[in-house]
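Quick note: numbers below take in every heavy atom, side chains included, and nothing from hydrogens, waters or symmetry partners. Below, chains carry the letters A, B, ... as their sequence lines are ordered, and counting in each starts from 1. As the structure is a computational prediction, the values presented were derived from the model and not from experiment.
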Amino acid sequence: MSSFSLLSPNIQKKIWEMRWERFTPIQDNAIPIISNTTKDVVISSGTASGKTEAAFLPILSAIEESGQKALKVIYISPLKALINNQFERIEKLSSYCHLAIHKWHGDVGQNKKKKFIENPTGILQITPESIESLFINRTTYLSKIFGEVEFIVIDEIHAFLDNERGVQLRSLLSRMQPYCHKRPRIIGLSATIDNFDFVKQWICPDDPEQVEIIQANGYEKETRYYLMHFDTEKNAQLPLELYEDMRDLTKENSSIIFCNSRSLVEEATVMLNRLAEKDGLGETYYPHHSSIDKKEREYVEKMMQETTVPKGVVATSSLELGIDIGNVDLVVQLDSTYSVSSLKQRLGRSGRSTGSPHMLQLYSTTAPSLLSSLAVMELVLEGWVEPAKGYALPYDILFHQVLSLLQEYNGIKREELLELLGENAVFRKLPKEKMELLLAHMHEADMIERIQGSGEYIVGIEGERVLRSKEFYAVFMTPEEYEVVSSNRKIGTLHKGIDISEGDHIILAGRLWRILQIDNKRNKVYVEKTVGAKPPRFLGEGGEIHPRIREKMMEILCSDEEFPYLDGKAQEILEDMRTIYRIKHIQPKQRIIKKQREDQVFYTFTGTIIVGTLWRMLQVLGVKAKIGNLDTLTLPSEYNLLQVLKTIQEKDWDVQELLAATPAEQMFFSKFSPYLPQELIADMHIAHQLDIEETIRYLKRYEFVVLGE
DNA sequence: GACCTGCTGCGGGTTG
């Protein structure tokens, strides 16, 4: 235990008390670097590898004394639930150190917040949105809170790398800096990710090379996995045999059953409980997704932690991040995930104790889903994950942060504002003239005003309206919802915009309900218990699929490789899909266009952004195409597609042409984009949705083969 | 062709 001697006596005492025999590999690697250097650190490894302790043991040792007088550590989490989980964990570790630990998020009462503000010491656990609220509502306390901070720990940092929420958080970290006596060290905790260069840049843009990456060396748990296929007709309910198989598998094991939609979670829960009832066991499966009431979800989480008999939780990605539901034996994935990192994270949730293997059961219900499941699983086995790439162009968050900054400074000179933005890690690279354009636009719309005389900017009348809303703090979009209520008990929510009527029967939170009344004014739906119902629909958007997954699918189609983890039916379906590729000797460097009687289908096998760009290019050339399942392009057979693709390749594309062909309702859209001038929305659309260079490279890289009827 | 995340201050009412 070489790391042991680096820790303070009180922490050592705690470790003796907990009877730890050894540190995990990640802890052994992290403790010396956090203790003996002043570097920023990323600790990257799977769930349950002891990352929290790897960071907090040395941090608590370092701040044990000074932390009793001032706030020394800010722990930032993407989830309130994670803060609540980690609160107990960190409190336990620090029980001999006399350090205060404070929770601050939307569910924490005003009294506790007031108490902390008056005497900020020790450790603060907080969400990005609540940090935003400090800058807006507690401006006079910022020096007192941030002045002595030495460590900023960011949990699940991978959840912040590619989205607007991460831009907001990174901006807030930059905004903290002027209040801190010295730059706090940033410690990121992450699931396994790729592209560490990007992460280093994110953490410390001024000196990325000083950031140290710590990974567990080599040791990986044994993984057992199996894929079964149950062919299902389009839009039909999943076959009973599938549910029976799933029931058998989860009868004697605790499990998480991941589904790709909330509706399916509801359907599967009811079906599995019916089967369990036949065994005389009653309710042993519980649904978990974001449209189920929070209290109900917390009950399920707690019950999973404490149960001694095998139970199953049927979930969406709501259980993908580190919410503690205890250990489960088995993870089931119903149809392919949309990303490799998602499957990897889900897989990591199985394995009851350190000795027992990860267990994963994949099911597929359609041929394309089988192929995708296989590709994603093979990429997990190869150790590949989607690389972090960031949020392309953050003008929407710039708008948001300008309002928040004006509130924070309560009047600021134009030059000072531009200087602050120029120092901000996420806005510094934006062109000056675009920033000026945004300020002029905000001024014109009364979002901001200039005080006569001093010329300082302040929040304008319209800006107040945006800033003073509780919707302001979070930068991501949320759908409008009804609250579903039964005799004064909250059950969950339904999306507005989905067709529902009084008298409809729905499944929600694993139970069957009849809709009594829809109150559009109060956004409430009143229900009563019933029998016989279908799950409701929810709104959703298609996401982005990385090209590598599609390429892998094509490689699988073109090879003879056998996958021993497939059942007979899956092998049969795969062989079926492979036939035409074998007969025509198709290679992975080729892509095929199947001519049919009335149309032709182009099997692109590349990522969504490239297909989207290609589709827009076809439109500019007057070629009408439809994007279908698996990102295929279907177009009338009269076109000579080979000729068209050649034209696209040789044309000198101007992105403005593609933009001009894009109707307003298909332009980039986010929570704050409606407040931007057209020019900046267009810039964002280009940066986020179009990739001419990659699309041309794709066309050059592959050979396209036309197959007849 | 989907999923997930977050939130102030204040006024008015209710509950222990």
> In whole angstroms, how far is the P atom of B:dG6 from the CD atom of A:E481?
Replying inline: 13 Å
> What integer distance in Å separates A:L321:CG from B:dC3:P?
Replying inline: 16 Å
>> Using a 4.0 Å heavy-atom cut-off, does A:I545 contact any base of the nucleic acid, only the sugar-phosphate backbone, or nothing at all?
In response: base
> Among B:dG1, B:dC3, B:dG6, which nucleotide sits nearest the side chain of A:Y338?
Replying inline: B:dG1
> Rounding to a whole Å, what distance do you find between A:E132:CD and B:dT5:C1'?
Replying inline: 15 Å
>> According to salt bridge (Lys or Arg N to Asp or Glu O under 4.0 Å), who are the partners of A:K302, at least two apart in sequence or on a separate chain?
In response: A:E306
>> How many whole angstroms separate atom CD of A:Q345 from atom C1' of B:dC3?
In response: 13 Å
> How is A:N629 classified with respect to the nucleic acid when contacts are heavy atoms under 4.0 Å: base, sugar-phosphate, or nothing?
Replying inline: nothing
> Could you run down nucleotides 7-16 of chain B 5' to 3' and tag each one B, S or - for protein heavy-atom contact under 4.0 Å?
Replying inline: BBS-------
> Partners of A:Y75 by ring pair (Phe, Tyr, Trp, His ring centres under 6.0 Å), sequence neighbours excluded?
Replying inline: none
> How close or far is atom P of B:dT5 from atom NE2 of A:H289, stated in whole angstroms?
Replying inline: 11 Å
>> Going by the rule side-chain contact (heavy atoms from CB on, under 4.5 Å), which residues pair with A:S174 if we only count those two or more places apart in sequence or in a different chain?
In response: A:R170, A:N424, A:A425
>> Using a heavy-atom cut-off of 4.0 Å across all strands, would you classify A:R297 as base, sugar-phosphate, or nothing?
In response: sugar-phosphate
>> What is the distance, to the nearest angstrom, from the CD1 atom on A:I126 to the C1' atom on B:dT5?
In response: 16 Å
>> Does the plane of the ring in A:Y286 sit parallel, tilted or perpendicular to the ring in A:Y299? Use 30° and 60° as the thresholds.
In response: perpendicular
> Among all residues two or more places apart in sequence or in another chain, which pass the side-chain contact (heavy atoms from CB on, under 4.5 Å) test with A:R465?
Replying inline: A:E462
> Can you check the A:D335 CG to B:dC3 P distance for me, whole Å?
Replying inline: 13 Å
> Can you find a side chain N or O atom of A:T316 that sits less than 4.0 Å from OP1 or OP2 on B:dC4?
Replying inline: yes
>> According to salt bridge (charged side-chain N to carboxylate O under 4.0 Å, His left out), does anything in residues 102-113 of chain A pair up with another residue at least two apart or in another chain? List the pairs.
In response: A:K80-A:D107, A:D107-A:K294
> Do A:D335 and A:S369 have side-chain N/O donor and acceptor atoms under 3.5 Å apart?
Replying inline: yes
>> Nearest whole Å is fine: how far is B:dG6 P from A:D155 CG?
In response: 13 Å
> Looking across every strand, which nucleic acid part, if any, lies under 4.0 Å from A:T608 by heavy atom: base, sugar-phosphate, or nothing?
Replying inline: base
